[in-house]
Trainee: 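Sharing a structure here in structure tokens format.
When a ligand or atom number is given, it counts from 1 through the structure's own listing order.
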Amino acid sequence: MKSILEGRPGLAAVIDQVAEVTGYLWQKGWAERNGGNITVNVTEFMDGECQAMPAIAPARQIGMVLPMLRGKYFYCKGTGKRMRDLARDPMANGSIVRICDDCASYEIIADQPVAPTSELPTHLALQNHLLETGSVYKATLHTHPIELVAMSHIQRFLRPGEMTRVLWSMIPETLAFAPLGIGIVPYALPSSVKLAQDTLEQIKTHDVVLWEKHGTVAVGTDIMDAFDQTDVLCKAANIYMCARNFGSEPDGMTEADMKEIQEVFQLPTSRPV
Ligand code: 2HA
Ligand code: ZN
């Protein structure tokens, strides 16, 4: 069987990068069993031949109407598939979907009828927002980073701004590379439209969104970028945890230290498109 990647080096490079990142997710312990999911907008690689490809499985509902997505194409990790398997064989553990003209359903076009991620409402709601705002961001990543999920079990860190403040204060790079910080979404049922809607609100003003007692969602120019955003914040959480294990609450950088970084590096205070 011919893969859609054949003769399309640009698309193949994007899928190769997805495979590289899923290997990292597994190595980091963020992707137990089928945990986490990935979606990348690959519309730019879809030539006339791709556009003429028939659906290879019946169309299915997204659960939301997303007007910006009409006729757009996404690579999605398959539901129930393992990140570590995807790292070896991305087209057997994910598929390319086309959003139908009703903007409310999708069909799989290649390579195999692998049903997309259970968190599709969140991924596609974010993709719809990225297109609406003319963003250059194309990738969305949901994963289960251990230290960040652990912090979300502690009420103090769920207060607005508190987790961001603590993470920023652990190491200067956190503030520099995640200047919008981490947004919190109170616990909601996995895969639900409510979770998608709450995530959308938080990503508008934060680099990464943390789902209470579950995991993170990040957007990026590509999937490596979305991974890096998550990694930067999880590293800060790990430093916090290590300091606590030495026996006390870490001092953290002072408010003045952090303000200086914000000013000297002219860090953005809102999401760039
Ligand atoms: O794909 O992580 O939230 C499994 C999940 C659902
Ligand atoms: Zn999850």
Trainee: Under 4.0 Å between a Lys/Arg side-chain N and an Asp/Glu carboxylate O for Lys194 and Asp198?
Mentor: yes
Trainee: Return the name of the atom in His142, of element N, O or S, nearest to the Zn ion (ligand 2).
Mentor: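 This residue's closest N, O or S atom turns out to be NE2.
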Trainee: Using a 6.0 Å cut-off, check whether atom CZ of Arg33 has over 12 heavy atoms from anything other than its own residue.
Mentor: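 Check fails, neighbour count at 12 or below.
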Trainee: How is the N/O/S atom of His144 that comes nearest to the Zn ion (ligand 2) named?
Mentor: NE2
Trainee: What protein heavy atom sits nearest atom 2 (O) of ligand 1, and how far away is it?
Mentor: Gly36 N, 2.9 Å
Trainee: Does ligand 1 have an atom that lies less than 4.0 angstrom from a heavy atom of Asn37?
Mentor: yes
Trainee: Quick check on contacts: which atoms of ligand 1 are under 4.0 angstrom from a heavy atom of His144?
Mentor: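 Every atom of ligand 1 under 4.0 Å from some heavy atom of His144: 2 (O).
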Trainee: Do Thr216 and Trp211 have side-chain atoms, one donor and one acceptor, less than 3.5 Å apart?
Mentor: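 Distance-only check fails for Thr216 and Trp211.
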Trainee: Count the heavy atoms of every other residue, nucleotide or ligand shown that sit under 6.0 Å from NZ of Lys204, and state whether that count exceeds 12.
Mentor: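 Enclosed.
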Trainee: State whether the number of non-hydrogen atoms from other residues, nucleotides or ligands found under 6.0 Å of Asp251 atom CG is greater than 12.
Mentor: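 Counting other residues, nucleotides and ligands, CG of Asp251 stays at 12 neighbours or fewer.
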Trainee: What is the nearest protein non-hydrogen atom to atom 4 (C) of ligand 1, stated with its residue, atom name and distance?
Mentor: Asn34 O, 3.5 Å
Trainee: When you measure from atom 6 (C) of ligand 1 to every protein heavy atom, which one gives the shortest distance, and what is it?
Mentor: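 Answer, as residue, atom name and distance: Glu119 OE2, 3.2 Å.
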Trainee: Any idea which atoms of ligand 1 are less than 4.0 Å away from a heavy-atom of His214?
Mentor: 3 (O)
Trainee: Do we see a donor-acceptor contact under 3.5 Å between the side chains of Asn37 and Glu119?
Mentor: no
